[in-house]
Amino acid sequence: MTSQNSEMQHDTFSPDYIRATWSGTASVEAAAKAFGMSRSKGYDLVRRDEFPCRVLLIGRASRVVTASLLRVLESGEPEYNHAPDALTTSPCPTA
């Protein structure tokens, strides 16, 4: 029998709840909990550039892109930060 607390925690990190209540970015701690990992594991993955979804590094702060987190939760396919960028893969037009 599952406890009411674990059911409530699971609902807090469901894609529907995240979509309805979270803003455009989230803390690494909250995103790590949504993936079922600890805060320290989340920050370790961010440091190694292996967090399963997009992370914005703003100065010394790290913020997880909520839309990316939702895509990963729903598809199971990670979106790492070192994925090719359109600006770096396509040639720049000359003037």
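Rounded to the nearest 0.5 Å, atoms CG (L69) and OG1 (T25) are 11.5 Å apart. To the nearest 0.5 Å, atoms NZ (K41) and CZ (F51) are separated by 11.0 Å. Taken from CZ in R39 to OG in S27, the straight-line distance is 9.0 Å, to the nearest 0.5 Å. Distance CG/D16 to CG/L73: 11.0 Å, rounded to 0.5 Å. The CZ atom of F13 lies 11.5 Å from the CZ atom of F35; values are rounded to the nearest 0.5 Å.
Listed by chain and number, the residues in a side-chain hydrogen bond (donor to acceptor under 3.5 Å, both in side chains) with E74 are R19 (sequence neighbours excluded). With sequence neighbours left out, S62 forms a side-chain hydrogen bond (donor to acceptor under 3.5 Å, both in side chains) with no residue at all.
Across V28 and G42, no two heavy atoms sit closer than the pair CG1-C, 3.8 Å. Pairing each heavy atom of G76 with each of P78, the nearest pair is O-CD, 3.7 Å. Counting all heavy atoms, side chain and backbone alike, L70 lies closest to P15 at CD2-O, 3.6 Å. C53 and V64 get closest at one heavy-atom pair: SG-CG1, 3.4 Å. Among all heavy-atom pairs drawn from A34 and I18, the shortest one is CB-CD1, 4.2 Å.
A donor-acceptor pair shorter than 3.5 Å cannot be found between the side chains of R54 and S68.
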Before you tell me yes or no, could you show the steps for L45 and M37 under side chain to side chain contact (heavy atoms under 4.5 Å, CB included), namely the whole-Å CA-CA distance, both residues' side-chain angles and the distance that decides it to 0.1 Å?
CA-CA 10 Å; L45 292 174; M37 63 180 83; 3.7 Å; yes
